[in-house]
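Beneath this line is the structure, given in structure tokens, with notes to follow.
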Amino acid sequence: TMSFVLPPKESPHRSYLSLFDGNKDEYVRRYSSFPDALKAKMKDMAREMFYFGYDNYMKYAFPDDELNPIDCEGRGPDILNPSNININDVLGNYSLTLIDTLDTLLVLGNVTEFHRAVRLVIDTVSFDKDSTVQVFEANIRILGSLISAHILLTDPKHPFGKVGLEGYDNELLHLAHDLAVRLLPAFENTSTGIPYPRVNLKTGVPPDSINETCTAGAGSLLVEFGILSRLIGDSTFEWVARRAVRALWNLRSNETGLLGNVVNIQTGQWVGKQSGLGAGMDSFYEYLLKSYILFGEKEDFRMFQAAYESIQNHLRRGRESCNEGEGDPPLYVNVNMFNGQIMNTWIDSLQAFFPGLQVLSGDVENAICLHAFYYAIWRRFGALPERFNWQLQAPDVLFYPLRPELVESTYLLYQATKNPFYLHVGMDILQSLEKNAKVRCGYATLHHVVDKSKEDRMESFFLSETCKYLYLLFDEDNPLHKSENKYIFTTEGHVVPIDRRFREKQWNDMFPCEEGALAEKQTNKWPPSNTRTCSSGGNGQRIPVERRYALPLKSVYMRQIDHMVGLF
């Protein structure tokens, strides 16, 4: 059903009802309502999508790291070719997909399978392996998942009902601790404190290791390492992660306040001078804000605010206001970190996470606009190409590995606005995945978004994030949406409650803020009044209620974006 809300008296010229005159507008016709029965159907579809991938992984691939969904067999590290980092950075011979999926089972309400999976991890997984993995990937996919599952198993508030496991003795936390200790050598013998990108779980940093790492890889460890430190009362992990963030932060440009994407960990020289929101940088910004939300350290919020301001000043192009005025749709471009000059005319699909971060930070208007741009690209191809050239209106890099970023932003925007438009976006994404990516035993990476040819790989984040966010989008009654349950997602989609115990450390300030690194600035009180810090239901209207029944972005602007990405 659709409810009409009269606009407030003071704005007679902006009657939202005029949008419905004769249902003239195709966008309004298509997006302005979403029946409950359809929502229930989409929720079932998202659940089935998850189980089709998960059940086949368990049947054909476990204990291997990943499922090859076309051949229906397991895949582990590429032992014969150590330089194949596309595979070896992620696969460590530690049942990656099972671990990465633990909390998704709980989000879907399957306590029985969650318990079975936890027992399997406890009984079969060891990190005493001769595997060289990327510190960042092991942290977000494995460490983050173990910590999340441990917290949910032992949470006295029981948001998912009684999920305690008979005889559970913190084994997941011990596993997480063991893995983190094996990652620590990455932080030794680096003159800047910025870690090496890779570590061998048995022997430490390989002797032939390179001295270059990306900003996101080195600067996105604080959420998981910080929670681990606070859970076990050992400041070491938070200390090394925080030292890396500060080291990167201190290397930002004096002119623009921007950081580059690749840095030398010994000299502190920028090897990659590109500053953008996508690959190599994305989760660095995300974790400044999420660390603040979790730990309450003002320093993190000051860094985030300064970084966000530099992003708006130097990366954002297009008209000033998202939903008003003339000019091009807002877009965030890749620039040279030192002078802010545009370096290329592509954006990458990882950037699609940014509207979700903007929602968390309270900038819902800008989030609406940027999200609409990515959604238009999705509608054109039925997927997001890894890189899209906005000048040529064509993909530069053609594959789509089932990434979650667009779904994640869609979910967070729906939580903030409750606008039915975002349910339509989720339905489009679900239907495209079913049509274009489903194969014999799971869902496959699209090798080419135009001809829809496939690669035999199903990344663990498909089950850990893409399916989880799709399900949550349509599951209004999920425990995570109850107003008393406040939580946040890690960059791998793992659920972490916002909990007072993560704001208390058993140690004094690990090192005082370096003088001058951050100017003291009176920050706004947290949370900003115009946003949810996380997806929790209930607490107040975020968007004026009359806008819930109009499109989030006026159809004239949506049409403009559709033209811009070559939809017509």
Side-chain angles (χ1 to χ4, degrees), residues 216 220 223 257-259 275-278 281-293 300-324 328-334 347-378 384 403-419 421-422 425-426 465 469 473 488-491 493 523-524 526-536 542-544 547 551-553 557-558 561:
S220 308
V223 164
L258 297 171
L259 294 87
S275 197
L277 299 177
M281 305 211 58
D282 49 355
S283 49
F284 176 78
Y285 301 120
E286 180 185 358
Y287 271 22
L288 291 178
L289 182 57
K290 289 184 175 175
S291 299
Y292 175 64
I293 292 170
D300 297 333
F301 191 46
R302 283 198 295 269
M303 287 190 278
F304 175 76
Q305 280 185 307
Y308 194 69
E309 202 172 314
S310 298
I311 288 166
Q312 296 297 66
N313 287 337
H314 296 284
L315 305 187
R316 191 179 182 280
R317 298 288 193 277
R319 65 173 173 271
E320 195 164 325
S321 167
C322 165
N323 235 336
E324 297 291 333
D328 293 327
L331 184 64
Y332 292 81
V333 299
N334 298 318
I347 48 156
D348 67 47
S349 67
L350 286 166
Q351 265 196 34
F353 93 100
F354 197 68
L357 187 62
Q358 291 181 306
V359 170
L360 282 192
S361 76
D363 192 358
V364 178
E365 284 297 322
N366 269 309
I368 285 169
C369 248
L370 186 58
H371 172 276
F373 179 69
Y374 279 98
Y375 173 50
I377 299 173
W378 183 285
L384 271 191
R403 290 199 190 280
E405 284 76 14
L406 179 62
V407 192
E408 174 187 1
S409 289
T410 303
Y411 164 66
L412 289 164
L413 270 161
Y414 181 65
Q415 285 299 316
T417 65
K418 290 293 186 235
N419 194 302
F421 171 77
Y422 296 107
V425 175
E465 299 184 75
Y469 288 126
L473 175 64
I488 203 144
F489 293 100
T490 70
T491 194
T523 57
N524 307 333
W526 184 263
S529 53
N530 58 339
T531 182
R532 292 182 150 89
T533 52
C534 49
S535 289
S536 60
R542 302 309 184 182
I543 289 268
R547 276 205 43 203
L551 291 170
L553 187 61
Y557 294 132
M558 291 187 61
I561 289 175

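Every heavy atom of this structure was used, including side-chain atoms; hydrogens, water molecules and symmetry mates were not.
With sequence neighbours left out, R317 forms a side-chain contact (heavy atoms from CB on, under 4.5 Å) with V333, V335, I342. Under the salt bridge (Lys or Arg N to Asp or Glu O under 4.0 Å) criterion, E408 pairs with no residue at all, not counting sequence neighbours. Applying the side-chain contact (heavy atoms from CB on, under 4.5 Å) test to S349 and every residue at least two apart in sequence or in another chain returns L384, E386, R403. Considering only residues two or more places apart in sequence or on other chains, A376 meets the side-chain contact (heavy atoms from CB on, under 4.5 Å) condition with I561, D562, V565, L567. Remark: S409 engages P355, H371 in a side-chain contact (heavy atoms from CB on, under 4.5 Å) (not counting sequence neighbours). In terms of the side chain to side chain donor-acceptor pair (under 3.5 Å) criterion, residue partners of N334 (sequence neighbours excluded) are, by chain and number, N344.
With hydrogens and angles left out, the side-chain atoms of Q358 and Y308 include a donor and acceptor closer than 3.5 Å.
The heavy-atom pair separating A216 from D282 by the smallest distance is CB-OD1, 3.6 Å. Contact between T491 and S283 at its shortest, heavy atoms only, is OG1-CB, 3.7 Å. Minimum heavy-atom separation, Y332 to I347: O-CG2, 3.6 Å. Closest approach of Y287 and S220 over heavy atoms only: CE2-O, 3.3 Å.
Side-chain atoms of N323 never come within 3.5 Å of backbone atoms of C369 as a donor-acceptor pair (strictly under, hydrogens ignored).
Atom CG of residue L258 and atom CE of residue M281 lie 7.5 Å apart, to the nearest 0.5 angstrom. Considering CG of L370 and CG of L553, their distance stands at 11.0 Å, rounded to 0.5 Å.
Taking the ring axis of Y292 as reference, the NZ or CZ atom of K290 does not stay both within 45° of it and closer than 6.0 Å to the ring centre.
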